[in-house]
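See below for the structure under consideration.
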Amino acid sequence: MGEIEQLQQRIAVLERTLAEMKTHTALVEREAALQMSRAVELNARLSAILSICAALLISRGVETIVQLVVREAVHLFPGTSAAHLFLIDADQSTLVLRASNNPAVILTRPGEGLSGKAFLSPRAMLLVGPQVESALEDMSEEQIAALSASMEHWPPYSALLAPLRVEGQRFGSLVIYGGVNAHLYHPRDLPFIQALADLCAVAIDELNQRTRAAELERDLTLTQTLHAEAEARLNTAQAQLLQSAKLAAVGELSASVAHEINNPLYAARNSLYLVEQDLPEEAPERTFLAIAQQELGRIARIITRMRDFYRPAKAELAATNANSLLRETLELVQTHLRHSRINAAADLSNEIPLIIAHADQLRQVFLNIILNACDAMPDGGDLRVKTRLLQARSESPTTIAIDICDTGVGIPPEHRPHLFEPFYTTKANGTGLGLAISAHIVTQHGGRILVESERNQGTTFSILLPTTNE
Ligand code: ADP
Ligand code: MG
């Protein structure tokens with residue numbers, strides 16, 4: 001072989017090697033490009049997932065969350081023709097399409113169709129070609145019609161599905177369809193669709209827990225309010241009981257005192273009578289005897305009044321006109337008012353119905369409260385008496401209110417709890433019985449007395465009385 005031939009052979013070998021190396025380099029380059037594009041894709045997906053995390057963290061409603069997840073699913077898997085998010089209903093029987101990239105109404109059941117299979121599946125799945133078709137088989141024609149209307153290509157060649165679940169609790173499923181491209185999705189997409197579904201489930205779970213916590217808190221507040229109300233009622237009842245007991249004691253005491261005084265009183269009156277009989281007509285002692293008899297008579301009347309005051313009333317209940325009683329009471333104190341320079345005004349409503357009551361007792365109540373009002377205005381002032389019909393609530397009987405307002409000194413807050421206690425008085429000559437007896441009478445009538453007062457502005461006593469006695 002000549003030298004030239006040898007050289008030619010070596011050149012041919014070198015050329016082949018070069019060609020092989022070129023092919024190899026091209027392969028390596030392609031591989032590198034592929035790796036690069038995967039890295040870019042991975043990066044894009046990770047940052048998408050991160051931004052979804054951030055958005056879900058601040059989402060306040062289920063609607064916002066599901067819409068966001070569907071939007072991001074389409075974004076995260078380019079080429080997707082439809083994305084559906086189903087949530088299970090309260091009784092865990094129906095999956096309802098709650099968000100979709102095209103408007104549609106689809107209902108399935110757990111296990112039925114792709115959404116139903118995803119719901120029951122422990123993890124994300126990739127279905128391709130015949131797998132998709134067989135998963136669609138158990139759906140009704142109606143469901144298929146709704147489903148196919150919501151996407152451009154039917155039947156879809158591939159689908160990614162994932163359950164929405166948190167710690168064994170299932171909320172729904174996420175399904176995305178790949179249209180005509182059978183190789184659109186890849187098994188390496190599975191962790192991403194599952195991550196999206198998990199984020200969605202966690203966000204919904206969080207929201208549910210928050211709602212439940214708020215409900216529990218509301219329940220707790222309600223229970224606390226009810227408890228406080230019950231306690232307040234109990235306290236009032238106890239206070240009333242105590243007051244009645246004190247009044248009863250006062251009543252008993254005065255009845256027995258009256259009884260004790262009556263006997264010696266009658267003896268004294270009789271003795272005086274006998275002395276009088278024996279005196280000559282013009283005896284000057286007669287004047288003194290008359291005075292003594294008169295005063296003893298007064299004591300006898302006071303005793304009777306005292307006894308009757310506390311004795312349970314024998315008076316019959318009768319239909320009573322509160323306005324008339326008030327007019328009579330005002331007439332009774334007319335002179336007293338004039339002397340005290342108090343202007344009285346009455347604003348009596350014609351709308352109030354008759355009430356079933358002991359007229360005498362109520363008159364006593366009105367008198368007590370009006371006289372207190374006068375005492376509160378030592379330098380004169382305005383007394384206003386008003387009647388009104390209270391807005392009837394369905395569960396309570398119709399009630400009338402009698403307001404007695406003065407422009408007097410007012411009641412300091414620290415005195416208020418004691419007003420209705422027997423013997424509680426701030427007056428030098430007070431008995432402290434007026435309000436105690438009034439409250440007793442009003443309670444016996446099924447009503448109550450309210451007080452509003454402002455220092456140096458005045459006081460309003462409101463007597464509330466039901467118009468029917470149950
Ligand atoms: P009394 O009139 O004998 O003092 P009450 O039971 O009638 O007894 O009243 C109790 C106390 O309530 C009074 O001493 C007074 O301090 C207060 N009070 C009642 N009504 C009024 C009023 N209209 N304005 C200011 N204080 C009042
Ligand atoms: Mg009084």
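Order of appearance sets the numbers: ligands from 1, and atoms from 1 within every ligand.
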Could you list which atoms of ligand 1 come closer than 4.0 Å to a heavy atom of [X]?
X: Leu435; answer: 5 (P), 6 (O), 7 (O), 9 (O), 12 (O), 19 (C)
X: Gly430; answer: 3 (O)
X: Thr431; answer: 3 (O)
X: Leu419; answer: 12 (O), 17 (C)
X: Ala376; answer: 22 (C), 24 (N), 25 (C)

Which protein non-hydrogen atom lies closest to [atom], naming both residue and atom, and how far is it?
atom: atom 19 (C) of ligand 1; value: Asn372 ND2, 3.5 Å
atom: atom 16 (O) of ligand 1; value: Thr426 OG1, 2.4 Å
atom: atom 23 (N) of ligand 1; value: Asp406 OD2, 2.8 Å
atom: atom 4 (O) of ligand 1; value: Thr425 OG1, 2.6 Å

Any salt bridge linking [X] with [Y]? Criterion: basic side-chain nitrogen under 4.0 Å from a carboxylate oxygen.
X: Glu331; Y: Arg327; value: no
X: Glu63; Y: Arg98; value: yes
X: Asp403; Y: Arg384; value: no
X: Asp89; Y: Arg109; value: no
X: Asp347; Y: Arg388; value: no

Run the contact test for [X] against ligand 1 with a 4.0 Å cut-off on heavy atoms, strictly below, and give the result.
X: Ser453; value: no
X: Gly408; value: no
X: Ile411; value: yes
X: Lys427; value: yes

Please report whether ligand 1 has a polar contact with [X], defined as an N or O pair separated by less than 3.5 Å (distance criterion only).
X: Asp375; result: no
X: Gly432; result: yes
X: Val409; result: no

- line: Taken to the nearest 0.5 Å, the spacing of Arg233 CZ from Leu226 CG works out to 8.5 Å
query: Any chance the rings of Tyr177 and His84 have centres within less than 6.0 Å?
result: yes
When you measure from the side chain of [X] to the backbone N and O of [Y], does any donor-acceptor pair fall under 3.5 Å?
X: Asp138; Y: Glu112; value: no
X: Arg165; Y: Ala197; value: no
X: Glu421; Y: Ala436; value: no

- request: Specify whether an N/O/S atom of Thr425 falls short of 2.8 Å from the Mg ion (ligand 2).
  value: no
Shortest non-hydrogen contact from Asp379 toward Arg341: O-NH1, 4.2 Å
statement: Nearest non-hydrogen contact to atom 21 (C) of ligand 1 from the set Tyr424, Phe423, Phe461, Phe420 belongs to Phe461
